[in-house]
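To start, the structure itself, in structure tokens.
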Amino acid sequence: MTVTEIIEVVVAVAMIAGGVFIYRRGDSQGGVLVFAIAVIILIHGLGLMEYRPSAAELGR
């Protein structure tokens, strides 16, 4: 993992914690919105959106 990816994962975890706080405070819509954004950042930070061609696409 690169430094940028590690920072993205840390930010996503912090946003999830913030989303829990917001949700518990009573602002359910805001909390869910923060959760959704955090999940997208977490997926990107973990590299799950990278394109990995199959063997057939590589021509092997």
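Computed from heavy atoms alone, side chains included, the values below leave out hydrogens, waters and symmetry copies. Nothing fancy with the numbering, it's 1 onward along the sequence. Note that the coordinates shown come from a computational prediction; the quantities given were computed from them, not determined experimentally.
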**Q.** Verify same cluster id: Val3, Ile41 (apolar side-chain graph, 4.5 Å)
**A.** yes
Q. Would Leu42 end up clustered with Val39 when hydrophobic side chains under 4.5 Å apart are linked, directly or stepwise?
A. yes
(Q) Is there a path of hydrophobic side-chain contacts, each under 4.5 Å between heavy atoms, that joins Met15 and Val10? (A) no
Q | Minimum-distance pair of heavy atoms, taken over all atoms of Ala12 and Ala38 | A | CB-O, 3.5 Å
Q.
Could you measure the distance from the CZ atom of Phe21 to the CG atom of Asp27? Nearest 0.5 Å is fine.
A. 11.0 Å
Q.
Taking Ile6 as the starting point, is it possible to reach Ile43 by hopping between hydrophobic residues whose side chains are less than 4.5 Å apart?
A. yes
Q: Verify the neighbour count for atom CZ of Phe35: are there more than 12 heavy atoms of other residues, nucleotides or ligands below 6.0 Å?
A: yes
**Q.** Minimum heavy-atom distance between Met1 and Val9, given as atom pair plus value
**A.** CE-CG2, 3.8 Å
Q) Can you tell me how far OG1 of Thr4 sits from NE2 of His44, rounded to the nearest 0.5 angstrom? A) 10.0 Å
(Q) Taking Val34 as the starting point, is it possible to reach Ile7 by hopping between hydrophobic residues whose side chains are less than 4.5 Å apart? (A) yes
